[in-house]
Amino acid sequence: MTHSSDTLQSSYILAVETSCDETSVSVVKDGREVLANLISSQVETHKAFGGVVPEVASRKHVEVITLMIEEAIAASGVKPQDLSAIAVTQGPGLVGALLVGIVAAKTLAMALGKPLIATHHIAGHIYANRLIEELQYPAMSLVVSGGHTELVHMEAEGKFEVIGRTRDDAVGEAYDKVARALGCPYPGGPHVDRMAHEADHAVTLPRVWLEADSYDFSFSGLKSAVLNVVNQASMKKETLDPAAVARGFQESVVEVLVEKAIRAVRAYSSKQLLLSGGVAANRGLRKALEERCAKEGIHLLIPPMEYCTDNAAMIGAAAHLKWQRGELAGLDLQAQPGLSLEAWSVKS
């Protein structure tokens, strides 16, 4: 099936995402409809190292990116010449990994004579929500991933203001470090989430609220508190229930995230709360937000699991913001591992 008949009315953006350890290529129609979304995960490769090795991640991207572009185009039913633009994650991320995607996207854009769109990875996570429902502004997004924990206020479409961020570990990093302490394999987040659900009680752990009016987060103290509990039990030769520690840790994280997000929604009169990022797949966080937002009458959006972790469909959704406004990139596009969300905001 081809879509050439309505090409003039619609946009077809091929998006490439290689910011960390997932290679993904997608074709998205009008920023909303996913026609193809292929993901090649490197989890099994990095498991042996207990974390992502940047050089290995880059090499794995190189191995699969060309084939994945070909397969995504074939799966989408869109002819290469009918694509409107090529989008790619410019940052943030691992510089070597980003470069692989950028070189592939530039090459494809040049070969097909198509425009190039530089896209922000976190904007992608936020706009993954638009793949399920139209966004209403002003909106508030709680971004929770391996490298980011932020509260992002959006006054209008494509306008981002980070009002709170982590001062140390991101929530995903904290989960992985706690998982290691509890003897869980990499990636640890899903294991901690599962253990927390299986526990019949919780080890009491501190909540870090910071200043009364702050929307910032801090998880390194909580991580240290978990390590203390584990080490003290070991020194005293006491039996420790890892599941109870996992539940205590998760309850502490979730309570702080939920309370600050709800407070931000109220303060900024947000019409929607958007959950975004890889940790949005965490069942404990999803359930707590759903219950609290239902009670408070807040409109909550959470992407389906396949759009929570890194994927190119979300990059296609965010890229559409720039496409609509003609904010395109040149073939001199460079990877920016520390690209700021505010700087990427649409200009018009």
Side-chain angles (χ1 to χ4, degrees), residues 1-19 23-39 61 65-91 93 98-128 130-131 134-135 157-160 307 310-336 339 341 343-348:
M1 179 182 73
T2 65
H3 300 268
S4 55
S5 62
D6 61 345
T7 300
L8 292 174
Q9 290 79 32
S10 298
S11 72
Y12 297 97
I13 295 176
L14 182 140
V16 176
E17 155 60 29
T18 61
S19 65
T23 315
S24 184
V25 182
S26 184
V27 178
V28 180
K29 179 182 176 182
D30 298 331
R32 294 285 318 268
E33 186 184 341
V34 182
L35 304 180
N37 188 42
L38 305 185
I39 302 171
H61 289 311
I65 188 70
T66 305
L67 180 62
M68 290 189 69
I69 288 171
E70 290 174 359
E71 289 189 355
I73 292 173
S76 73
V78 178
K79 294 175 182 173
Q81 63 268 30
D82 289 339
L83 291 170
S84 308
I86 311 301
V88 64
T89 305
Q90 182 185 16
L98 290 166
L99 280 170
V100 176
I102 287 173
V103 170
K106 281 182 183 179
T107 305
L108 187 63
M110 192 160 63
L112 295 175
K114 301 295 180 182
L116 188 65
I117 304 172
T119 314
H120 193 285
H121 182 73
I122 299 302
H125 275 306
I126 292 170
Y127 274 84
R130 193 169 179 258
L131 297 171
E134 201 57 71
L135 304 191
E157 182 180 73
K159 302 280 188 182
F160 306 96
Y307 300 138
D310 291 353
N311 67 91
M314 69 183 198
I315 299 303
H320 189 253
L321 302 173
K322 296 279 188 172
W323 167 253
Q324 286 176 302
R325 293 161 176 81
E327 295 178 18
L328 307 173
L331 291 174
D332 57 350
L333 178 68
Q334 300 291 314
Q336 285 194 32
L339 182 62
L341 190 54
W344 187 83
S345 290
V346 297
K347 295 171 180 62
S348 51

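These values consider heavy atoms only, across backbone and side chains, with no hydrogens, waters or symmetry-generated copies.
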- Message: Given 3.5 Å as the limit, does a donor-acceptor pair link the side chain of T119 with the main chain of T89, or not?
- Response: no
- Item | Shortest non-hydrogen separation from P115 to W323 and the atoms involved | CG-CZ3, 3.9 Å
- Message: Less than 3.5 Å apart, any donor N or O on the side chain of H121 or S19 sitting next to an acceptor on the other?
- Response: yes
- Message: Under a 3.5 Å distance rule, please check whether Q334 uses its side chain to pair with a backbone N or O of D332 as donor and acceptor.
- Response: yes
- Hey, is the main chain of E33 close enough, under 3.5 Å, to the side chain of D30 for a donor-acceptor pair? no
- Task: Determine yes or no for a side-chain-to-main-chain donor-acceptor pair under 3.5 angstrom, with H120 supplying the side chain and L339 the backbone.
- Result: yes
- Message: In terms of relative ring orientation, are Y127 and F160 parallel, tilted or perpendicular, with 30° and 60° separating the classes?
- Response: perpendicular
- Message: Looking at K159 and V346, would you say the former's side chain and the latter's main chain have a donor-acceptor pair under 3.5 Å?
- Response: yes
- For the residue pair K322 and K347, establish whether any side-chain heavy-atom pair is separated by less than 4.5 Å. yes
- Item | Least distance between heavy atoms, S84 atom then S10 atom | OG-O, 4.0 Å
- Query: Is the backbone of A312 close enough, under 3.5 Å, to the side chain of S24 for a donor and an acceptor to pair up by distance?
  - Reply: yes
- With no hydrogens and no angle check, is any side-chain donor or acceptor of K106 less than 3.5 Å from a backbone partner on L333? yes
- Task: Measure the shortest side-chain to side-chain distance between M68 and T23 over non-hydrogen atoms and say whether it is less than 4.5 angstrom.
- Result: yes
